[in-house]
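Working notes for the structure below.
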Amino acid sequence: MAKFDESDPRWIVQAREDGTNVNQWHWSEKDCSEWSKQRLGQLLGDLTLLSGPATAKTTGLQSVEGDSILNIRKAKLIASYELHIKVKWEGKTADGQQGSGLIELPYVADENHDEDPEVRVLLPDENAAAQQLKAEILAKGKEPIHQAIRTYVQELRSGKPGNSSSAGNAAAAAANGSGSSGGTAAAAGATGRSAAAQPGSSGSGSTAAKKSSKRSVSLTEKFYARRQDIYDCFTVQGRIQAFTQSPAVVDVRPGGAFSWFNGNIAGTFAELVPGQRLVMSWRFNSWEEGCESKVEIDLSEPEPGNTVLQLKHTGLPEADKYGHGDVQEQVEQGWRGQIFNRIRAVFGFGV
C-alpha cells in the first residue's frame, strides 16, 4: 500500500495519448438543447387537445428556453434540464367561433421528472370564444400535452440524444462486459423507461441483452392493511391507476393480460388466489422481444391489519435491449420506490 503523500503510480490515473474516455469513466457532457427543440417540436407540434363538440389542436412549437444536458459518469446517464416551453394552438367552439393562443409550460425540470408539469393557456385577446376554449383545454385537453412531455423526459433520461456518441459507446461497453459492476449504463426500472437503438443498428440489442439469466430480486414488505387490500392493489384497475398515476389495463383471470404505467410494464396472470397469492409473467418494454420474467407474490396476515408481502421476481435479463446492464438493481429500486412505497403513501398502508 502507498504511504501517505507518496506518489504511488498504481493510484495515479494517467491521461491516454489517444484521449479515449475508457468505459465512460470520466465525467462528460452532451448539450441536448438542439435535440430537445427538435424532439419537443415533433411531440408537441400537432396534438389534438379537444375533439368535440369544441375542437382544439396545437399548431407548432413557438419557443423553448433553458438548458438540457446529458451527463455521463462511470457509464451512468444523468439528465439535467430546466425548460420553459410555449406551443401555439387554435380551435373552434361548439358553435363555430374561432380562438387561438399559446400553451405555456413554465417549468419542465429534472427535479420534477416524475410529475406532470403545470400547463397554462395564454390568450392574445380576451374574447368569449377564446375564453371558452381556454377553459375546456384546461379541463379536458391537458393529457396529450402531459403524455408528450413524459415521452420527452423518458427519452432524454434513457440517453436517446447521446446514442450515436458517448452514451451509445457506454451502453456498448456495458453490453460487452468491458466495465466493472459500477460502470454499466442505465437500465430499465419499474417505470419501464425505454431508449432508442443506436443509428444504423438493427435494433436487436446485444447478445447479453438477449439472454435470460438466473438474476432475481426477493423482497419482504410489511403493510398496515388487510391482505385483501394489498391483493386488490395488483388486481383492481382503479387502485393500480391511483398509485401509478397513469393508465392501466387489467384482466383478472388466469391467462388474462395486464398493463401498467401506460404500457411500460405488461404481462399475464398465471395464478390467482384472492387475498393470498399472485403469479404473473412480467416484462418491461425496454427488454428484448420475447424476454419475460416471473413474479410471485405471497400474502400473509400474522395479525389482523398487518400484512406481510413476500416477492420473488426471477428470470431477469442480464441487460436490456440497449445494453444497459443494471437491470437487477433498477428492478429492485422500482419495486420499492415506484410500487410498494407508492401503495403505502396513496392508501395509507405504510409506516
Side-chain angles (χ1 to χ4, degrees), residues 187-193 212-318 320 327-351:
T191 53
R193 70 181 188 267
S212 181
S213 76
K214 295 182 180 179
R215 296 184 181 185
S216 64
V217 169
S218 295
L219 298 172
T220 299
E221 301 286 328
K222 295 180 180 180
F223 300 88
Y224 291 151
R226 304 307 297 261
R227 61 183 183 179
Q228 183 64 47
D229 293 328
I230 303 302
Y231 181 88
D232 289 346
C233 290
F234 296 89
T235 56
V236 175
Q237 182 181 27
R239 290 210 171 191
I240 296 168
Q241 293 183 156
F243 76 79
T244 63
Q245 293 293 293
S246 60
V249 177
V250 57
D251 180 8
V252 188
R253 59 184 177 85
F258 64 86
S259 172
W260 291 13
F261 292 102
N262 204 31
N264 285 313
I265 292 175
T268 57
F269 293 107
E271 182 181 347
L272 292 159
V273 181
Q276 299 181 41
R277 179 173 167 81
L278 302 100
V279 180
M280 303 167 278
S281 68
W282 186 284
R283 63 169 276 107
F284 298 110
N285 66 1
S286 58
W287 290 1
E288 283 287 339
E289 289 299 323
C291 180
E292 291 187 347
S293 60
K294 182 180 179 180
V295 170
E296 298 174 78
I297 294 175
D298 288 291
L299 302 169
S300 61
E301 195 171 348
E303 300 176 0
N306 288 288
T307 292
V308 176
L309 180 151
Q310 291 184 309
L311 168 79
K312 188 175 182 181
H313 194 162
T314 56
L316 300 176
E318 297 176 8
D320 66 14
V327 172
Q328 183 179 18
E329 174 188 351
Q330 293 297 329
V331 166
E332 180 172 346
Q333 291 177 356
W335 275 109
R336 293 187 189 277
Q338 301 300 325
I339 297 179
F340 296 143
N341 287 347
R342 287 192 178 196
I343 288 173
R344 292 186 179 98
V346 171
F347 302 117
F349 293 159
V351 177

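- One finds the CZ atom of Arg344 at 8.5 Å from the CD1 atom of Ile230 (value rounded to the nearest 0.5 Å).
- Listed here is the closest heavy atom pair of Pro254 and Ala270: CB-O, 4.1 Å.
- Between the side chain of Thr307 and the backbone N or O of Ala225, at least one donor-acceptor pair lies under 3.5 Å.
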Exercise for the section: Let me see the working for Ile240 and Phe258 under side-chain contact (heavy atoms from CB on, under 4.5 Å), right down to the final yes or no. Expected result: CA-CA 11 Å; Ile240 296 168; Phe258 64 86; over 6 Å; no
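- Rounding to the nearest 0.5 Å places CD of Glu271 at 12.0 Å from CD1 of Ile297.
- Trp282 and His313 are not linked by any side-chain donor-acceptor pair at a separation below 3.5 angstrom, with hydrogens and angles left out of the test.
- Formation of a donor-acceptor pair under 3.5 Å by the Glu292 side chain with backbone atoms of Gly267 is not found in this model.
- Leu272 has its side chain within reach of Tyr231: a pair of non-hydrogen atoms, C-beta onward, lies under 4.5 Å apart.
- Between Lys222 and Val308 the shortest side-chain heavy-atom distance falls below 4.5 Å.
- Proximity of a side-chain donor or acceptor of Arg239 to a complementary backbone N or O of Asp229 within less than 3.5 Å is detected.
- Contact annotation: the side chain of Leu311 never approaches that of Glu221 to less than 4.5 Å [non-hydrogen atoms, C-beta and beyond].
- For Ser293 against Gly315, the heavy-atom pair with the smallest separation is CB-O, 3.8 Å.
- Side-chain contact check for Tyr224 versus Asn306: some heavy-atom pair is nearer than 4.5 Å.
- The closest donor-acceptor contact from the side chain of Arg283 to the backbone of Glu288 lies under 3.5 Å.
- Among all heavy-atom pairs drawn from Ile265 and Phe261, the shortest one is CD1-CD1, 3.7 Å.
- A donor-acceptor pair under 3.5 Å links the side-chain atoms of Arg227 to the main chain of Gly275, judged by distance alone.
- With a 4.5 Å cut-off on side-chain heavy atoms, Leu309 and Phe340 count as touching.
- Between Phe284 and Val327 the shortest side-chain heavy-atom distance does not fall below 4.5 Å.
- Taken from NZ in Lys294 to OG in Ser216, the straight-line distance is 12.0 Å, to the nearest 0.5 Å.
- For the atom pair Asn262 CG and Gln245 CD, the distance stands at 13.0 Å (nearest 0.5 Å).
- Within the 4.5 Å cutoff, no side-chain heavy atoms of Phe234 are placed close to those of Val295.
- Scanning for side chain to side chain donor-acceptor pair (under 3.5 Å) contacts around Ser246 gives Thr244, with sequence neighbours left out.
- Taking 4.5 Å as the limit, every side-chain heavy atom of Gln328 sits out of range of all side-chain heavy atoms of Val331.
- With hydrogens and angles ignored, the 3.5 Å screen pairs a side-chain donor or acceptor of Asn341 with a backbone N or O of Arg336.
- To the nearest 0.5 angstrom, Gln338 atom CD is 10.0 Å from Gln330 atom CD.
- Under the salt bridge (Lys or Arg N to Asp or Glu O under 4.0 Å) criterion, the residue pairs touching residues 296-313 are Arg226-Glu301, Arg277-Glu296, Arg277-Asp298, with sequence neighbours excluded.
- The backbone N or O of Ser281 lies less than 3.5 Å from no partner atom in the side chain of Thr268, so there is not a single donor-acceptor pair.
- Residues Phe243 and Cys233 share a closest heavy-atom pair of CE2-O, 3.3 Å.
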